Amino acid sequence: MGLAVDMLDGTEAVKRASQFELPADTPRERVGHHWIDLARGQLYHGDRRQALVALQKARRIAPSQTRYHPMVHETIRVLVHHEHRRSDTLSGFARWIGLKL
């Protein structure tokens with residue numbers, strides 16, 4: 001999935017993610033990174049709502065990593081930019097990572 005994200009192919013990233021299950025013993029940081037990558041894939045796929053859902057999962061699993069990860073900041077910036085009406089959830093997440101709205 002990560003390679004598809006790096007190639008900006010959101011549809012392929014989402015497809016690969018749907019066919020993959022992380023082992024139960026995967027370190028939290030790796031699981032958090034998986035959800036961060038999936039959020040980017042969802043964004044490239046055009047599903048902004050699911051991108052935010054993936055970031056929220058990353059936050060629950062690896063909060064420090066999620067808060068400071070540059071790709072999280074970039075993804076949230078894009079989501080905020082494209083939202084005509086910001087939801088409380090999106091605004092709250094943007095504030096949580098320190099993004100000035």
Side-chain angles (χ1 to χ4, degrees):
M1 176 191 60
L3 180 59
V5 170
D6 289 343
M7 299 294 291
L8 307 178
D9 188 347
T11 301
E12 182 64 23
V14 170
K15 177 183 161 192
R16 289 181 184 185
S18 72
Q19 299 168 352
F20 178 75
E21 188 171 324
L22 289 167
D25 62 345
T26 303
R28 295 175 72 79
E29 292 79 17
R30 185 65 218 134
V31 176
H33 199 276
H34 167 81
W35 288 109
I36 291 167
D37 279 348
L38 181 55
R40 292 174 59 212
Q42 292 285 6
L43 183 63
Y44 298 150
H45 182 62
D47 194 340
R48 293 188 302 262
R49 187 179 64 78
Q50 285 302 312
L52 182 58
V53 167
L55 289 177
Q56 290 168 329
K57 289 179 182 181
R59 177 183 180 178
R60 281 192 301 276
I61 293 163
S64 292
Q65 176 189 32
T66 304
R67 175 177 269 169
Y68 300 111
H69 198 289
M71 288 296 106
V72 171
H73 285 241
E74 181 60 28
T75 303
I76 289 294
R77 277 188 194 96
V78 172
L79 291 173
V80 167
H81 176 75
H82 286 288
E83 284 295 315
H84 300 291
R85 280 192 174 148
R86 288 189 199 123
S87 68
D88 290 338
T89 306
L90 178 57
S91 294
F93 200 100
R95 282 190 304 276
W96 179 74
I97 65 169
L99 186 65
K100 304 292 183 200
L101 300 177

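A quick note: this is a predicted structure, and the numbers were derived from the prediction, not measured. Index from 1, following the sequence.
By the side-chain contact (heavy atoms from CB on, under 4.5 Å) test, Ile61 is found to be paired with Arg28, Val31, Trp35, residues two or more places apart in sequence or in another chain being considered. Tyr44 is linked by a ring pair (Phe, Tyr, Trp, His ring centres under 6.0 Å) to nothing, counting only residues two or more places apart in sequence or in another chain. Not counting sequence neighbours, the partners of Asp37 by the salt bridge (charged side-chain N to carboxylate O under 4.0 Å, His left out) test are Arg40. Every residue two or more places apart in sequence or in another chain was checked for a side-chain hydrogen bond (donor to acceptor under 3.5 Å, both in side chains) with Arg77, and none qualifies.
Under a hydrophobic-cluster definition in which Ile, Leu, Val, Met, Phe, Trp and Tyr are linked whenever side-chain heavy atoms come within less than 4.5 Å, directly or via other members, Val53 and Phe93 are assigned to different clusters. Note: the hydrophobic cluster containing Leu55 also contains Leu99 (ILVMFWY, side chain heavy atoms under 4.5 Å, direct or indirect links). In the hydrophobic cluster analysis, where Ile, Leu, Val, Met, Phe, Trp and Tyr join through side-chain heavy atoms closer than 4.5 angstrom, Val78 is grouped together with Trp96. Grouping the Ile, Leu, Val, Met, Phe, Trp and Tyr side chains by contacts below 4.5 angstrom, directly or via other members, places Met1 with Leu22. Met71 and Val5 end up in different hydrophobic clusters when Ile, Leu, Val, Met, Phe, Trp and Tyr side chains are linked at under 4.5 Å.
Between atom OG1 of residue Thr75 and atom CZ of residue Arg48 there is a gap of 13.0 Å, rounded to the nearest 0.5 Å. Taking CG of Leu38 as the reference point, atom CG of Leu43 lies at 11.0 Å (rounded to 0.5 Å). Atoms CZ and OG1, from Arg49 and Thr89 in turn, are 11.5 Å apart once rounded to the nearest 0.5 Å.
Each side chain to side chain donor-acceptor pair (under 3.5 Å) pair with one or both residues in residues 53-70, not counting sequence neighbours, would appear here, but there are none. Applying the side chain to side chain donor-acceptor pair (under 3.5 Å) test to residues at least two apart or on different chains, the pairs with a partner in residues 3-17 are Thr11-His45, Glu12-Arg16.
Closest non-hydrogen pair, Gly32 versus Ala58, comes out as O-CB, 3.7 Å. Closest heavy-atom contact between Ala13 and Ala4: N-CB, 3.6 Å.
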Criterion side chain to side chain contact (heavy atoms under 4.5 Å, CB included) on Ile76 and Leu52, from CA distance to verdict: CA-CA 8 Å; Ile76 289 294; Leu52 182 58; 4.2 Å; yes
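Shown here is Glu21, whose CD atom has no more than 12 heavy atoms of other residues, nucleotides or ligands within 6.0 Å.
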